[in-house]
Amino acid sequence: MTYPTVQPQPSFPAVEREVLAFWDGDRTFEASVEARRDADEYVFYDGPPFANGLPHYGHLLTGFVKDAVPRYRTMRGQQVHRRFGWDCHGLPAEVVAEKELGVSGHPAITKFGIDKFNDACRTSVLRFTDDWHRYVTRQARWVDFENDYKTLDTSYMESVMWAFKTLWDKGLIYEGFRVLAYCWRCETPLSNTETRMDDVYRDRQDPALTVQFQLDSGEKILAWTTTPWTLPSNLALAVGADIDYAVMQETDADGATQRYILAEARLGAYEKEFAGATQVGVLKGADLVGRHYTPLFPYFADTPTAFHVLAADFVSTEDGTGVVHLAPGFGEEDQNVCNAVGIPTICPMDEHGRYTSEVSTWAGVHVFDANPLIVKELKARGVVVRHDSYDHSYPHCWRCAEPLVYRAISSWFVQVTAFRDRMVELNQQIRWVPEHIKEGSFGKWLANARDWSISRNRFWGSPIPVWRSDNPEYPRIDVYGSIADLQRDFGVEVTDLHRPYVDDLVRPNPDDPTGLSSMRRVPEVLDCWFESGSMPFAQVHYPFENAEWFESHYPGDFIVEYIGQTRGWFYTLHVLATALFDRPSFNTCVSHGIVLGDDGQKMS
């Protein structure tokens, strides 16, 4: 046999295209899978990208690993299906649709029509599938696009519904009114996972204000804040019980004295402000607890049990005055400390980030725009001790890039803290590459996991499958886990689980003898990360189909994504695997680094 003729100066792109053409015509990939029909199956999970954007360099890097390992396993005689998938729901699609349609905000979208808005989302998420096909194929990856899964498919959404219902039946779903990261532009809360994603924290300059509160005992106690807009809803002050607080005394020209209180360790930071003062005493924080003070603003002055000093473990002397102002409607720690002593959570902010009528002076003003107005008024009243700027890293929305606020809002949660220790235990069964991730970034994230806010006040996503009586005098909640259950109770064929069609499913409340109240679905949709975490079972429509296959092939054998997914997809996979199946979601995970450009920034 003679050696084939070889071009002395070949065009490598042309050679690559010839190889791709041969694979396509020969159906080489399909044959490699089919030929191993009776072989041991190696299960690979291909993380679904958002389908409304083009591939980037990070996808390229991960794609080579996603191709190499399944090829190796195939050459070892195993059968490896490589089914491609698409993340289709959530903010990524909605933000694009809003820009293209020229509508923004719940009232405008509702007026435009939820059906038409969601149709636009559906179109946008499938716009780049051909580009992805060409890109993935061009890098010589063997992928099954013909049998791809999409999170918008009814079968996929039904499996997600089943997961929610199963968690509900296990007592792991609850509705709570808690302080969460909130995007006022997208009008929805975000989870801790979403606030820890790449590029979420960005440099921002905010006003830093030191203000004085008049204690009933005569002294003025100093508190520091970088969110002056929260001061109108201040309901308490916090000190460290074991921190030493200096009592500083000033005497004016008329001989009148005034005493001020701040952490002794912070006196150096306020040397200029107290240049003419004398320290006349030291108090422990515990000595200040229980003292009452005069509210800075009148809006909530009648709030019972409010406006006194509390002890809190999170108070430090690293910055500020060692005294923290508490607004329980706008801080998680504030809410916990205040609620523990009976101070209610008050949140005078609407869904757009603007003050409600409760803060009458600035009603309708966006809270960030209110900062200079509040500072100006407090200065005019003579209660500002210092006003300067504070440069810090601050969280922004991962999709629209607007700065977030923290506010109390009703949300549905997975009670992750109830099985957090089990997640840590199951992590020991996973092989991590590199190994340090097991106890490092992933292990630490698990050990400190919080309850997961899974509801979004949006339109395009899997619905929260909860129906509630519209009359609180006849309370009832129904949670559904299948299309068959919906069809049984509502008596109609259900072909689309998206809004607004699923919202149209209304029936009389069986617990109302008057027959006047109805069962209506709660308006929220699920966090799209809940859907991606459901991928192993939802892609095969478990438990409605392929139950035997799934149960004998779970956990999956291999996944690979970049390091940021330790707080994203890897995490949500592990949460749902633990809660639903009491096992890991995957056996081996490779987590690689980030592709950076010449400027040191992530190339994605």
Side-chain angles (χ1 to χ4, degrees), residues 16-17 20-21 23-25 27-30 33 44-67 70 80-101 115-160 398-399 458-462 495-498 525-526 528-536 538-541 559-562 565 568-569 603-604:
E16 292 176 354
R17 283 190 289 268
L20 291 176
W23 285 346
D24 183 54
R27 296 187 64 83
T28 312
F29 165 53
E30 292 81 1
V33 176
F44 164 61
Y45 294 153
D46 196 350
F50 287 111
N52 69 329
L54 291 169
H56 54 68
Y57 289 101
H59 293 121
L60 182 68
L61 173 61
T62 309
F64 287 129
V65 185
K66 289 181 176 181
D67 189 59
V80 189
H81 291 281
R82 275 150 275 186
R83 192 179 182 195
F84 207 76
W86 307 97
D87 259 336
C88 302
H89 288 145
L91 283 177
E94 291 202 37
V95 170
V96 171
E98 286 183 348
K99 291 178 180 178
E100 293 180 348
L101 296 171
D115 55 344
K116 292 188 290 184
F117 179 77
N118 278 353
D119 282 344
C121 290
R122 186 190 303 270
T123 299
S124 74
V125 298
L126 300 177
R127 182 176 304 155
F128 298 108
T129 54
D130 288 343
D131 296 278
W132 273 90
H133 191 175
R134 182 169 56 255
Y135 175 98
V136 171
T137 302
R138 189 65 182 81
Q139 73 172 112
R141 275 190 67 187
W142 279 358
V143 171
D144 183 1
F145 282 104
E146 294 179 7
N147 299 301
D148 61 356
Y149 67 88
K150 303 178 182 70
T151 59
L152 60 75
D153 291 338
T154 301
S155 60
Y156 194 103
M157 295 173 69
E158 186 177 27
S159 291
V160 171
W398 65 293
R399 279 299 163 185
R458 296 299 304 184
F459 303 96
W460 177 240
S462 283
T495 58
D496 193 338
L497 292 172
H498 288 97
V525 297
L526 279 167
C528 61
W529 287 96
F530 190 98
E531 294 181 302
S532 58
S534 302
M535 171 264 181
Q539 67 166 335
V540 294
H541 197 205
I559 61 172
V560 54
E561 298 292 343
Y562 89 115
Q565 296 296 357
W569 190 48
M603 295 181 70
S604 63

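None of the values given here were measured: they were computed from a predicted structure.
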For the residue pair [X] and [Y], what are the closest heavy atoms and their distance?
X: V65; Y: P70; value: O-CD, 4.1 Å
X: W142; Y: F29; value: CB-CD1, 3.5 Å
X: M157; Y: L497; value: CE-CB, 3.7 Å
X: A93; Y: C88; value: CB-O, 3.8 Å
X: E531; Y: Y156; value: O-OH, 2.7 Å
X: L60; Y: Q139; value: O-NE2, 3.4 Å

Could you go step by step and tell me if V125 and W86 meet the side-chain contact (heavy atoms from CB on, under 4.5 Å) rule? CA-CA 9 Å; V125 298; W86 307 97; over 6 Å; no
Report the C-alpha separation of E94 and H89 in whole Å, then their side-chain angles, then the decisive distance to 0.1 Å, and conclude whether the side-chain contact (heavy atoms from CB on, under 4.5 Å) test is met. CA-CA 8 Å; E94 291 202 37; H89 288 145; over 6 Å; no
Using the side-chain contact (heavy atoms from CB on, under 4.5 Å) rule, take T495 and T154 through it: C-alpha gap first, then chi angles, then the decisive distance, then the call. CA-CA 7 Å; T495 58; T154 301; over 6 Å; no
Please verify the inter-ring angle class for W529 with W398; under 30° counts as parallel, over 60° as perpendicular, anything in between as tilted. tilted
With rounding to the nearest 0.5 Å, note down the distance linking [atom1] in [X] to [atom2] in [Y].
X: R122; Y: N118; atom1: CZ; atom2: CG; result: 7.5 Å
X: R141; Y: D46; atom1: CZ; atom2: CG; result: 4.5 Å
X: R458; Y: C528; atom1: CZ; atom2: SG; result: 11.5 Å
X: Q539; Y: S155; atom1: CD; atom2: OG; result: 10.5 Å
X: D67; Y: T62; atom1: CG; atom2: OG1; result: 12.5 Å
X: H56; Y: L61; atom1: NE2; atom2: CG; result: 10.5 Å

Is the shortest side-chain heavy-atom distance between [X] and [Y] below 4.5 Å?
X: F128; Y: P55; result: no
X: F117; Y: E98; result: yes
X: P49; Y: F84; result: yes
X: K66; Y: V143; result: no
X: D131; Y: R134; result: yes
X: K150; Y: L126; result: yes

Only one of L152, D119, L91 passes side chain to side chain contact (heavy atoms under 4.5 Å, CB included) with W460; say which it is. L152
With distance as the sole test, does R83 use its side chain to make a donor-acceptor pair with the main-chain N or O of N147 at under 3.5 Å? yes
Evaluation steps, side-chain contact (heavy atoms from CB on, under 4.5 Å), between H81 and D144: CA-CA 8 Å; H81 291 281; D144 183 1; 5.6 Å; no
